Amino acid sequence: MFFRSLSGRFLLLTLLFVLLAEVLIFVPYVARFREDYLLTRVERAQIASLALLASDGQISDKLAEELLATAGVYNVVLRRDAVRELVLSSPVPGPVRATYDLRESSIWLLMRDGLAAMFTPENTVIRLIGDPVQEAGLLIEVTMNADPLRETLRDYALRILFLSLIITLATAALLFLSVQTLIVTPIQRVIASMATYAKAPEDARSIIEPNSRVTELRAAEEALQHLQEDLTAALKQKERLAQLGGAVARISHDLRNILSTASLLADRIEGSTDPAVVRSAPKLLNALSRAISLCESTLAFGKAEEPPPRLTQFALRPMVEDLVDGEKMAAGEASCAVEFLIDVPATMMLRADPEQLFRVITNLVRNARQAIEATGQQGSIEVTARDKEDGTAIRVIDTGPGLPQRAKDNLFAAFQGGARKGGTGLGLVIAAELIRGHGGKLELVRSDEEGTEFRIWLPHGA
C-alpha cells in the first residue's frame with residue numbers, strides 16, 4: 001500500500017533513477033581505473049628496465065626477479081632506436097590470452113575491456129603495449145598476470161557500489177522528506193479540508209484557508225476556497241428559498257381556500273339587481289379567478305412531482321387536431337380572429353408521453369392565441385412537425401406581436417417570464433421541464449414584430 005501512495009512511488013522512482021545514474025557513472029569509472037592500473041604497471045616495468053640498462057645488464061638473477069615482482073610483470077620488451085630488446089624476463093606460466101594497446105584506446109573499448117577484466121579466468125596472461133614515459137624509447141611491451149587486476153577491479157567496484165548505495169539512500173531520503181513536506185503534507189491538508197467541508201458544507205468555518213508556499217498548491221487551495229465559498233453561499237440561499245417556498249405553499253393553500261369561499265359569495269352577488277353590483281361583479285369574479293389560478297399554479301410548481309414520461313407510440317396529427325379544436329372552443333367568438341394551421345404528416349408516428357406532449361403544445365398554442373387576441377387583430381397559429389436524422393422537430397409559429405424583452409430575458413424562469421397580465425410565468429417552465437424529461441429541448445427560435453416561433457426537439461426513441 002505504501003508504494004501506491006504519491007510519496008511511496010516518488011521514493012521508488014528516486015531509487016531507480018539514482019541507481020541508473022550511478023550505473024552510468026560506474027562503468028566509465030571502472031574503465032578509467034583499469035587504464036590507470038595498467039599504465040602504472042607499464043611505468044613500473046619501464047623503471048625496472050631502466051635500472052637494468054643503467055648497470056649495463058650487470059645484475060644478478062635474483063635482483064632481476066625482484067625488479068619484475070615489484071613491477072608486477074613477467075617480462076619487459078623495450079624498443080629503442082628501431083631495435084626490439086627483451087630487457088627483463090622470467091618464466092611465463094601460460095600462453096598470452098589477450099593483447100591490449102594502451103596508445104589509442106577509445107572510451108568504448110576501455111569500458112568494454114574494463115567490464116570484461118572483472119570476469120577473466122584465473123592465471124590469465126595478458127600483454128600490454130604502450131608508450132614509454134619521458135620518451136625513453138619508441139615502444140614498451142610487458143606481459144603480466146591478470147589476476148591482480150581482476151581482484152583490484154572487483155574491490156574497487158564494490159567500494160563504488162557501496163558508495164553509490166549510500167548516496168542513493170541519502171538522496172532518496174532527502175527527496176522523500178522534501179516531497180512529504182512540500183507536496184504530500186499540503187495535499188493531505190487539502191484532502192482533510194475537503195472531507196471536513198463535506199460533512200458540514202453550510203458551516204463557513206470549514207472553508208479552507210490557503211497557506212501553502214508552493215505556487216501551484218497555493219493556486220489549488222485558492223480555487224478550492226472560492227469553490228467552497230460559492231457553494232456555501234448557494235446552499236444557504238437554497239435553504240432560504242426552500243423555507244420561503246414552504247411558507248408560500250402553505251400561504252397559497254390557505255389563500256386558495258379563502259378565495260374559493262369568496263368566489264362562491266361573489267357568484268351570489270352576481271345575481272343582484274343593483275346596477276352598481278351588476279357592473280362590479282364580473283370584475284370581482286375575474287380577479288378572484290386569477291388569484292385562485294395563481295395559488296393553484298404555485299402549489300403545482302412547488303410540489304415538483306412531475307412523473308417520468310410514459311413512452312408510447314402514437315400518431316401526432318390527431319393529437320394536434322384535438323388540442324386545436326379545444327383552443328377554438330376556448331376562444332369562443334374570438335376564434336374567427338385566429339386562424340389555426342396544421343402541417344403535420346398524417347402518417348407521422350412519435351414515441352413520447354402523449355399526455356405530457358399535449359400539455360406542452362397546448363401551452364404554446366394557448367399563449368399564442370391569447371397574444372393575438374390581446375391585439376384585437378387577426379392572426380394565425382401554425383403547428384408543424386418534421387422528422388430529422390437525429391430526432392423530430394415540432395414548431396409552433398404565430399403572427400402575434402412577439403414577446404416583450406423582459407419575457408424573453410426570463411423566459412424559462414419561474415414567476416418571471418410571464419408575457420401577459422395576470423400570468424404566473426410557470427407554463428413555459430413546466431413545459432421545458434417536461435420536454436427535458438423526454439431527453440429533448442424546448443427553445444425560442446425567434447420573437448419579433450412579425451411573430452413568435454417555438455421549437456420542440458425530441459430525439460428518436462425518446
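These numbers were taken from a predicted model, which means no experiment stands behind them. The residues of the chain are indexed from 1 along the displayed sequence.
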Mind checking the [atom1]-[atom2] spacing from [X] to [Y]? Nearest 0.5 Å is all I need.
X	Y	atom1	atom2	result
L357	T362	CG	OG1	9.0 Å
T232	L227	OG1	CG	9.0 Å
R218	E216	CZ	CD	13.0 Å
L364	L428	CG	CG	6.5 Å

Check this for me: does any side-chain nitrogen of one of [X] and [Y] sit under 4.0 Å from a carboxylate oxygen of the other?
X	Y	result
R32	E35	yes
R395	D343	no
R34	D36	no
R103	D101	yes
E355	R310	no

Side chains of [X] and [Y]: closer than 4.5 Å at any heavy-atom pair?
X	Y	value
L102	I129	no
L128	E141	no
L38	V42	no
Y197	L231	yes
R97	V125	no

Quiz item: Within 45° of the six-membered ring axis of Y156 and under 6.0 Å from that ring's centre, is NZ or CZ of R154 located there?
Solution: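 Because its charged atom misses either the 6.0 Å distance or the 45° angle limit, R154 does not stack over Y156.
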Strictly distance-based, threshold 3.5 Å: is any side-chain N or O of [X] a donor or acceptor partner for the main-chain N or O of [Y]?
X	Y	value
N367	N363	yes
T399	S380	yes
T143	Y74	no
T452	D398	no
T120	A117	yes
H460	K388	yes
T124	P121	yes

Looking only at non-hydrogen atoms, find the nearest pair between [X] and [Y] and report the distance.
X	Y	value
R317	A346	CD-CA, 3.9 Å
R446	E450	NH1-C, 4.2 Å
A45	I140	C-CD1, 4.3 Å
L316	A385	CD2-CB, 3.6 Å
L153	G114	CD1-O, 3.9 Å
P345	R386	CD-NH1, 3.9 Å

With a 6.0 Å cut-off (strictly less than), is the heavy-atom count around [atom1] of [X], excluding the residue itself, greater than 12?
X	atom1	answer
R127	CZ	no
K441	NZ	no
F314	CZ	yes
M349	CE	yes

Quiz prompt | Residues R189 and N211: side-chain donor-acceptor under 3.5 angstrom | solution =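 Note: R189 and N211 side chains meet the donor-acceptor criterion.
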Quiz item: Step by step, would you call L139 with D131 a side-chain contact (heavy atoms from CB on, under 4.5 Å)?
Solution: CA-CA 5 Å; L139 182 144; D131 292 322; 5.7 Å; no
Quiz prompt | Working for side-chain contact (heavy atoms from CB on, under 4.5 Å), residues T312 and D353 | solution = CA-CA 6 Å; T312 58; D353 188 320; over 6 Å; no
